[in-house]
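What follows is one structure encoded as structure tokens, with my remarks underneath.
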There are 2 protein chains.
Amino acid sequence: MQNKSVSQTEENYLKVIYKLDEKAEGKISTSSISEMMGIAPASVTDMLGKLSDKKLISYKKYQGVSLTPSGRKTAVMVIRKHRLWEHFLVEKLGLSWDEVHEIAEQLEHIRSEKLFDKLDAYLKFPKFDPHGDPIPDSNGNFTNTSAIPMSSCNLNGKYLITGVADHSAEFLRYLTRTGMILGCQFTVKEKQEYDNSFLILKQGTKNELAVSNEIAKKLLVTKARD
Amino acid sequence: MQNKSVSQTEENYLKVIYKLDEKAEGKISTSSISEMMGIAPASVTDMLGKLSDKKLISYKKYQGVSLTPSGRKTAVMVIRKHRLWEHFLVEKLGLSWDEVHEIAEQLEHIRSEKLFDKLDAYLKFPKFDPHGDPIPDSNGNFTNTSAIPMSSCNLNGKYLITGVADHSAEFLRYLTRTGMILGCQFTVKEKQEYDNSFLILKQGTKNELAVSNEIAKKLLVTKARD
DNA sequence: TAATTAATTTAGACAAATCTAAAAATATGT
DNA sequence: ACATATTTTTAGATTTGTCTAAATTAATTA
Ligand SMILES: [Mn+2]
Ligand SMILES: [Mn+2]
Ligand SMILES: [Mn+2]
Ligand SMILES: [Mn+2]
């Protein structure tokens with residue numbers, strides 16, 4: 001009855017199921033997992049059987065899946081490792097936020113409780129990763145931020161960029177180029193009706209910046225005090 | 001004709017072949033690899049075929065193996081990563097030298113040139129790992145130390161502990177307990193004829209320390225100036 | 001040198017993680 | 001409600017890395 005070991009592959013499935021659950025778009029289906037992982041549906045069905053046998057998910061054929069407490073715990077710990085490493089790579093090694101995800105995908109599977117306790121302490125128990133995502137603590141607890149997409153900002157509102165909803169290197173590099181990085185404050189000067197784009201003024205700058213709705217939907221912001 | 005990718009498993013085989021080659025105990029046989037890896041000889045034969053196909057080793061049936069330049073380069077880079085991580089784990093995270101090897105066995109397979117360039121710089125381009133083993137630079141070059149086993153020390157000679165020939169946690173913990181750690185200087189006070197054990201006096205201490213031949217063979221030392 | 005022993009390779013099997021193609025179940029639209 | 005479309009599962013195959021048992025080659029000993 002001891003802890004069965006979970007393979008890297010299984011960890012990846014659990015992480016994806018966790019993320020689909022987080023999005024809360026209803027039932028977590030075989031096809032949604034298949035799509036997100038780029039793996040054939042038949043292969044996913046196979047793995048769901050294995051994860052179910054290990055009691056990491058509940059699964060009834062054709063009915064979709066959900067994480068058990070044990071599966072959720074495993075997923076959260078993988079995410080904790082991923083985000084701790086990303087923080088390390090950016091803050092200590094000086095890599096940029098658009099190149100750490102790929103490396104963290106590898107590092108998140110390293111097994112050693114002690115390593116992560118030490119790493120966490122070394123990094124001074126950071127609460128957020130370089131993309132603004134919360135880092136679970138060693139018990140798996142973390143605070144969910146109340147960030148909203150920039151696309152739902154109010155005219156003349158003052159906001160702070162606190163996260164991204166797209167972690168692709170291209171998007172992150174675009175943000176870097178235009179100076180829309182985490183912590184950047186801005187005021188909404190105009191909301192275009194015809195294309196839902198924005199004109200914002202970044203604090204401490206002169207020129208207004210146009211932000212398409214596409215971009216605005218993927219930028220997470222928090223209301224700033226005026 | 002591009003760089004074929006090398007799996008983690010293949011990297012482990014190359015590393016073992018490299019280490020057997022380093023020991024220079026003549027021909028590198030299927031059985032020596034099998035023994036060192038704890039894998040059946042038949043499995044080793046199989047893998048030797050694959051490594052040979054990839055031109056990472058030269059291999060003629062029944063004749064033993066040797067690394068090609070490409071295979072040696074791969075092995076050295078894995079060792080570089082292993083030792084850089086060990087240095088990081090001890091110097092930055094504060095883990096002890098007896099608990100880092102296992103973790104480094106996992107970390108040594110992380111793929112990212114940039115990560116290791118940055119890590120190397122962050123650690124200030126260390127020349128040795130926590131066990132006194134040299135860390136290859138990004139071109140694979142490293143200086144081989146002229147350390148000798150303590151068992152061949154001269155009576156009344158003054159030496160410096162600079163390495164270990166056994167990396168097991170038990171041995172390293174024994175050394176820690178008795179204070180025989182890297183950098184520790186000592187003078188050989190007695191050499192017992194009947195069991196080839198030593199009595200040494202560590203610099204800055206009063207009591208002589210008995211060191212069995214077993215231990216002395218596994219401790220690497222360098223002559224110190226008197 | 002011939003017999004015996006030891007090392008190595010071959011043959012056949014298995015588990016994990018994947019695939020494609022076909023079958024079965026569920027969902028959708030008129 | 002029934003036909004059609006979509007989703008999911010099953011069946012069978014493949015790749016990688018491993019195993020055991022048997023066959024073969026090399027080494028040792030008498
Ligand atoms: Mn990431
Ligand atoms: Mn992140
Ligand atoms: Mn090591
Ligand atoms: Mn080492």
Side-chain angles (χ1 to χ4, degrees), chain A residues 3-17 20-21 23 25-67 71 74-75 78 105-106 108-109 111, chain B residues 3-17 20-21 23 25-67 71 74-75 78 105-106 108-109 111:
Chain A
N3 265 334
K4 294 156 190 86
S5 88
V6 180
S7 73
Q8 290 201 185
T9 307
E10 289 166 340
E11 286 186 344
N12 285 335
Y13 275 90
L14 292 174
K15 200 177 45 156
V16 164
I17 294 168
L20 287 168
D21 187 43
K23 284 206 290 183
E25 284 169 349
K27 195 188 78 165
I28 299 168
S29 63
T30 300
S31 55
S32 60
I33 299 168
S34 159
E35 216 173 294
M36 181 165 285
M37 299 187 80
I39 282 173
S43 311
V44 173
T45 298
D46 221 74
M47 180 57 80
L48 295 183
K50 289 182 205 166
L51 294 174
S52 184
D53 289 348
K54 292 191 175 182
K55 309 240 190 295
L56 295 163
I57 61 173
S58 349
Y59 169 57
K60 290 266 168 49
K61 276 186 207 172
Y62 299 101
Q63 307 305 294
V65 298
S66 62
L67 291 168
T74 303
V78 173
E105 284 290 306
Q106 302 175 59
E108 74 189 2
H109 302 293
R111 277 156 221 285
Chain B
N3 264 333
K4 294 155 191 86
S5 89
V6 180
S7 74
Q8 289 201 188
T9 307
E10 289 167 341
E11 286 186 345
N12 284 335
Y13 275 91
L14 292 174
K15 199 176 48 155
V16 163
I17 294 168
L20 288 167
D21 187 44
K23 286 206 291 185
E25 283 168 350
K27 194 188 78 164
I28 299 168
S29 63
T30 300
S31 54
S32 60
I33 298 169
S34 159
E35 216 172 294
M36 181 165 287
M37 298 187 80
I39 282 174
S43 310
V44 174
T45 298
D46 221 74
M47 181 57 79
L48 295 183
K50 290 181 205 166
L51 293 174
S52 184
D53 289 348
K54 291 191 175 183
K55 310 240 191 292
L56 295 162
I57 62 173
S58 353
Y59 169 57
K60 289 266 170 47
K61 276 187 207 171
Y62 297 103
Q63 307 304 294
V65 298
S66 62
L67 291 169
T74 303
V78 174
E105 284 290 306
Q106 301 175 60
E108 73 189 2
H109 302 293
R111 276 155 224 285

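Every chain is numbered from 1 and lettered A, B, ... according to where its sequence line falls, protein lines coming before strand lines.
- Residue A/Ser7 places at least one side-chain N or O under 4.0 Å from the OP1 or OP2 atom of C/dA17.
- Base engagement by A/Thr45 is indicated by at least one non-hydrogen atom pair under 4.0 Å involving a base atom.
- The shortest side-chain heavy-atom distance between A/Leu51 and A/Val65 does not fall under the 4.5 Å cut-off.
- B/Lys15 and B/Glu108 get closest at one heavy-atom pair: NZ-OE2, 2.7 Å.
- At distances below 3.5 Å, at least one donor-acceptor pair connects side-chain atoms of A/Ser34 with backbone N or O atoms of A/Ile39.
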Between the protein and nucleotides 19-25 of chain C, which nitrogen or oxygen pairs come in under 3.5 angstrom?
from	atom 1	to	atom 2	distance (Å)
C/dC19	OP2	A/Ala40	N	2.9
C/dC19	OP2	A/Ser43	OG	2.6
C/dA25	O4'	A/Tyr62	OH	3.2

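- Picking from C/dT8, C/dA17, D/dT18 the nucleotide with the shortest atom distance to the side chain of B/Met47 gives D/dT18.
- Distance, B/Gln8 CD to D/dG17 P: 10 Å, rounded to whole Å.
- For the pair B/Lys50 and D/dT16, the criterion of a side-chain N or O lying under 4.0 Å from OP1 or OP2 is not met.
- Proximity of B/Ser31 to the phosphate of C/dT8: a side-chain N or O atom is located under 4.0 Å from OP1 or OP2.
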Can you check nucleotides 1-3 of chain C for protein contacts, nitrogen or oxygen pairs under 3.5 Å, and list what you find?
none

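- The closest donor-acceptor contact from the side chain of A/Lys55 to the backbone of A/Gly71 lies at 3.5 Å or more, if one exists at all.
- Nucleotides of DNA chain C nearest to A/Lys61 and B/Lys27 differ in position, and the one nearer the 5' end is that of B/Lys27.
- OP1 or OP2 of D/dT9 lies within a sub-4.0 Å distance of a side-chain N or O belonging to A/Tyr59.
- Distances shorter than 4.0 Å separate some side-chain N or O of A/Thr30 from OP1 or OP2 on D/dT9.
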